[in-house]
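Remarks on the structure that follows.
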Amino acid sequence: QMEILKYRRSTCTVEKQYVGFATLPNQVHRKSVKKGFDFTLMVAGESGMGKSTLVNSLFLTDLYKDRKLLNAEERINQTVEIIKHTVDIEEKGVKLKLTIVDTPGFGDAVNNNECWKPITDYIDQQFEQYFRDESGLNRKNIQDNRVHCCLYFIPPFGHGLRPVDVEFMKALHEKVNIIPLIAKADCLTPNEIKKLKDRIREEIDKFGIKVYQFPECDSDEDEEFKQLDKELKECTPFAVIGSNTVVEARGQRVRGRLYPWGIVEVENQSHCDFVKLRNMLIRSHMHDLKDVTCDVHYENYRAQCIQEMTSKLAQDNRMESPIPILPLSTPDVDTEKLIKMKDEELKRMQEMLNKMQQQMHEKDQ
Amino acid sequence: MAATDVDVFSNEEKRNLSLGGHVGFDSLPDQLVSKSVTQGFCFNILCVGETGIGKSTLMNTLFNTMFENEEASHYQNGVYLRPRTYDLQESNVHLKLTIVDTVGFGDQINKEDSYKPIVDYIDTQFENYLQEELKIKRSLFNYHDTRIHICLYFIAPTGHSLKSLDLVTMKKLDSKVNIIPIIAKADTISKSELHKFKIKIMSELVSNGVQIYQFPTDDEAVSEINASMNAHLPFAVVGSVEEVKVGNKTVRARQYPWGVVQVENESHCDFVKLREMLIRVNMEDLREQTHARHYELYRRCKLEEMGFKDTDPDSQPFSLQETYEAKRKEFLGDLQRKEEEMRQMFVNKVKETEAELKEKERELHDKFEQLKRMHQEEKRKVEEKRRDLEEEMNAFNRKKVAAETLSLSQPLKKDKDKKNRSVKTENQSGVSASSSKVMMAKASVEPLNCQSWWQAIQCCTCLVHNATWKPEGLF
């Protein structure tokens, strides 16, 4: 108990003599506002799942004004394209450079073998680009085009994940943060939503898919926050509805969908999980998504890249490395020869020993 | 009756006669009706759509009953068809309903072959009917008709257009079966989106030449309603077997937090229209179309494949009988030829095998000869060796005797005796140690048939005793 008292006294003394580093968070805030933020979001899923509508609803803009959709006939042999839309949006002085990466054509052809390959290639390309920039000499203006998050839209019409969903997520779960969503959730009653969510969570576990995990709460957060966090985690995958139109509901103008039997409000938490998704994606976890991309996915890529390069270099001494790397302890040619010689000698001696043993054995007999 | 006979009749003048009183043949339709009621009706529905799109639920809703159904898995390797037959009864009308489900449709990553099992199934049903029709002793009135009368194609409510798989599959099916496309789970599309979606789908079907079933407009009684229904295709349906209380009624509906979608409310979805068209108005027409159009097309193609024609090169009508005869002769000729071929092949094969066997026999014989020769060679060698050894033995014995006679004239030493005694011979004749050593050496060099050296010695000493020596004679 004496220890605790001592500690208490020392904190008091800190307060009395004000140092001032408590302003650090404010400084960080100021600098970051000045610098601005950037975020790259990828949306993937079959066509007609409401991806564009959802993105419009999330960021309250219209990114897809002059889009041309393909016919069924044109889609029979369609290949997957990667289309980037970049917008600069500002809110309360905070600037955000938002890049949406679209993947039209995914899952639309009759034969969808490896239709996720263009997507994985794109993500790898961004990593490679960043890797080169990071290892270059002039690192002042590195553009970070790495994909920070991928929203994957699962159709609500089935009983769970389909083979193409599983294959896609497995191909990407170690390259990007995947957030699976149940699209067009207004075709499911609350019971059906619950059943489908349970089923999808089960299947994600069963197939070993590593989707984005929310970071654990700090133990000193307040109860309300912890409760919210728990609810958030239990709600995945989010069942979302999007809308491009504003309707009048309960005396207010809200984004929603008008049906003969009622009005679905996008931002009504009892109708769908749109609000949860938005809060999570934009308001609380955007930076964490970026961090996980930088610290986990990119680092994995980088380590793998370097290993491949050094093993190639060891075989081909003439190649100049474009990237400065620390010399790894791979044995050079001379030492290898020595090692080989010694090995052979050892073998010979071993054989001789064996022969002698045998002879002695015979003699004994 | 071939086609040309009908022409002969129609060229005659048809006269209309007026009746003087009530004859009563206006009861013919009633007779037909009562006959068909006693027979019972048969109807076969094929449901094509992705897993989970609502096929089973719609069937349950349409027929107001619960057909047994397990939820299908998304992980089938391919598409397979699951037909189930049920006996339903309403008033006094019996209906034998067969519902065929496509399990696993749309789940595979590569869907290029997804349509094949469906087309095969439809063709098989046609084939079965054709076989029955071509039988000599047939019972068509008793035959359980399994031909598909209607294919309900379930389109996913994406709101954009048809999927590529839908287009490809419908194109393959439109010449074989009546297709009615329906938009499934339509409670996720708002009214304006639905209108655009329907127009887009129909235009895609038309521009790709897909022929869907048109409700018939030639019968005045139903032409009006059918024409208006044609304009509502594809039907946007919602299925449900759960009952929800709306106002003071309990209806089949889906309950959402934002409202209740009533299945039988025409402003909510087109379920009522579908039921009307499919069951209440056009069921009989669907059966007729299947038989008169799709089945006939299949039959014609099949028979043409087999080589039947309606007219021969001279444009004279062929009778089926003659064609049969010709075909039969051809077939028998073919058979005979094939038999001959096989026989020839058999004979050839036998000859070949015989030749092979002979060859092998010869080889074996040669080998045998060779081995025999070798054996004789060996035997000779062994004989030689034996003779050599015998000679040596004789020479040795002579030496021994000579040595004996020599030692007899000299006193023996005791320890040398002991050594010799240890050899366990009874009749020691005082052989000196040196000669025993010689003996041992000799014995170990040529053991003859003996395993060890002292046995060799034994043999030698026996030999010694058998010999008749005259010690004096030697020296």
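Below, chains carry the letters A, B, ... as their sequence lines are ordered, and counting in each starts from 1.
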Quiz item: What part of A:Pro156 is in contact with chain B, defined as an atom under 4.5 angstrom from a non-hydrogen atom: side chain, backbone, both or neither?
Solution: backbone
Quiz item: Which one of A:Asn77, A:Leu161, A:Ile263 has the most heavy-atom pairs closer than 4.5 Å to chain B?
Solution: A:Leu161
Quiz item: What part of B:Leu167 lies closer than 4.5 angstrom to a heavy atom of chain A: side chain, backbone, both or neither?
Solution: side chain
Quiz item: Measuring heavy-atom distances to chain A, does B:His268 have an atom under 4.5 Å in its side chain, in its backbone, in both, or in neither?
Solution: both
Quiz prompt | Greater than 12 external heavy atoms within 6.0 Å of A:Lys233's NZ | solution = yes
Practice problem: Give the intermediate values and the outcome of salt bridge (charged side-chain N to carboxylate O under 4.0 Å, His left out) for residues A:Arg257 and B:Glu193. | Solution: CA-CA 10 Å; A:Arg257 291 174 64 73; B:Glu193 291 168 353; 2.8 Å; yes
Quiz item: By a 4.5 Å heavy-atom criterion (distance strictly below it), what part of A:Glu167 contacts chain B: side chain, backbone, both, or neither?
Solution: side chain
Practice problem: Find out whether B:Asp187 and A:Trp261 are in side-chain contact, i.e. whether some heavy atom of one side chain is under 4.5 Å from a heavy atom of the other. | Solution: yes
Self-check item: Leading residue by heavy atom contact count with chain B [cutoff under 4.5 Å; candidates A:Gly158, A:Pro163, A:Ala183, A:Ala249]
Solution: A:Pro163
Self-check item: Part of B:Asp107 lying under 4.5 Å from any heavy atom of chain A
Solution: both
Quiz item: Near A:Glu192 CD, under 6.0 Å, is it more than 12 heavy atoms from other residues, nucleotides or ligands?
Solution: yes
Practice problem: Could you look at A:Asp186 and say if it's the side chain, the backbone, both or neither that has a heavy atom under 4.5 Å from chain B? | Solution: both
Quiz item: Side chain of B:Glu204, backbone of A:Ala72: donor and acceptor closer than 3.5 Å?
Solution: yes
Quiz item: Using a cut-off of under 4.5 Å for heavy-atom pairs, which of B:Ser114, B:Pro157, B:Ser207 has the most such pairs with chain A?
Solution: B:Pro157
Exercise. Sort A:Glu46 into side chain, backbone, both or neither according to what part of it lies under 4.5 angstrom from a heavy atom of chain B.
Key: side chain
Quiz item: In terms of ring plane angle, is the pair B:Tyr75 and A:Phe207 parallel, tilted or perpendicular, where the classes change at 30° and 60°?
Solution: tilted
Quiz prompt | Greatest number of heavy atom pairs closer than 4.5 Å to chain A - which of B:Val261, B:Ile53, B:Leu162 | solution = B:Val261
Quiz prompt | Which atoms of B:Ser190 approach chain A - backbone, side chain, both or neither, heavy atom under 4.5 Å | solution = both
Quiz item: Quick check: are there more than 12 heavy atoms from other residues, nucleotides or ligands sitting under 6.0 Å from CD of B:Glu242?
Solution: no
Quiz item: At what distance, to the nearest 0.5 angstrom, does CG of A:Leu70 lie from OG of B:Ser164?
Solution: 10.5 Å
Self-check item: Side chain, backbone, both or neither of A:Ile76 within contact of chain B (heavy atoms, under 4.5 Å)
Solution: both
Quiz item: Can you tell me if CG on A:Asp198 sees more than 12 non-hydrogen neighbours from other groups inside 6.0 Å?
Solution: yes
Exercise. Report yes if some heavy atom in the side chain of A:Pro155 is under 4.5 Å from a heavy atom in the side chain of B:Glu50; otherwise report no.
Key: no
Quiz item: Between B:Leu165, B:Val168, B:Ile189, B:Asp113, which has the largest tally of heavy atom pairs under 4.5 Å with chain A?
Solution: B:Ile189
Practice problem: Rounded to the nearest 0.5 Å, what's the gap from CG on B:Asn208 to CD on A:Glu73? Could you check? | Solution: 4.0 Å
Practice problem: Determine whether more than 12 heavy atoms belonging to other residues, nucleotides or ligands lie under 6.0 Å from atom NE2 of A:His85. | Solution: yes
Quiz item: With distance as the sole test, does A:His159 use its side chain to make a donor-acceptor pair with the main-chain N or O of B:His74 at under 3.5 Å?
Solution: no
Practice problem: Taking atom NZ of B:Lys191 as the centre, report whether more than 12 heavy atoms of other residues, nucleotides or ligands fall under 6.0 Å from it. | Solution: yes
Quiz item: Is it the case that more than 12 heavy atoms not belonging to A:Lys84 sit under 6.0 Å from its NZ atom?
Solution: yes
Quiz item: For the candidates B:Ala186, B:Ala72, B:Gly54, B:Gly106, which exhibits the highest count of non-hydrogen atom pairs separated by less than 4.5 Å from chain A?
Solution: B:Ala72
Exercise. Hey, could you give me the OG1/CZ distance between B:Thr51 and A:Phe157, rounded to the nearest 0.5 Å?
Key: 13.5 Å
Quiz prompt | Inter-residue atom distance A:Trp116.CH2 - B:Ile109.CD1, 0.5 Å rounding | solution = 4.0 Å
Practice problem: Enter the distance from B:Lys200:NZ to A:Asn71:CG here, rounded to the nearest 0.5 Å. | Solution: 3.5 Å
Quiz item: Of the backbone (N, CA, C, O) and the side chain (C-beta and beyond), which part of B:Val260 lies under 4.5 Å from a heavy atom of chain A, both, or neither?
Solution: backbone
Quiz item: Relative to chain A, which segment of B:Ala184 carries a heavy atom at a distance below 4.5 Å: side chain, backbone, both, or neither?
Solution: neither
Quiz item: Which atoms form the tightest heavy-atom contact between B:Pro257 and A:Ser270, and what is the distance?
Solution: CG-O, 3.6 Å
Quiz item: To the nearest 0.5 Å, what is the distance between CZ (A:Arg199) and CD (B:Glu71)?
Solution: 5.0 Å
Self-check item: Proximity breakdown for A:Leu188 and chain B, heavy-atom pairs closer than 4.5 Å
Solution: backbone
Quiz item: Between A:Glu74 and chain B, which part of the residue has a heavy atom less than 4.5 Å away: side chain, backbone, both or neither?
Solution: neither
Quiz prompt | Which portion of B:Gln255 sits near chain A, non-hydrogen atoms under 4.5 angstrom | solution = backbone
Quiz item: In terms of heavy-atom contacts, does CD of B:Glu266 have more than 12 from other residues, nucleotides or ligands at under 6.0 Å?
Solution: yes
Quiz item: Which bit of B:Ile201 comes within less than 4.5 Å of chain A, counting heavy atoms only: side chain, backbone, both or neither?
Solution: neither
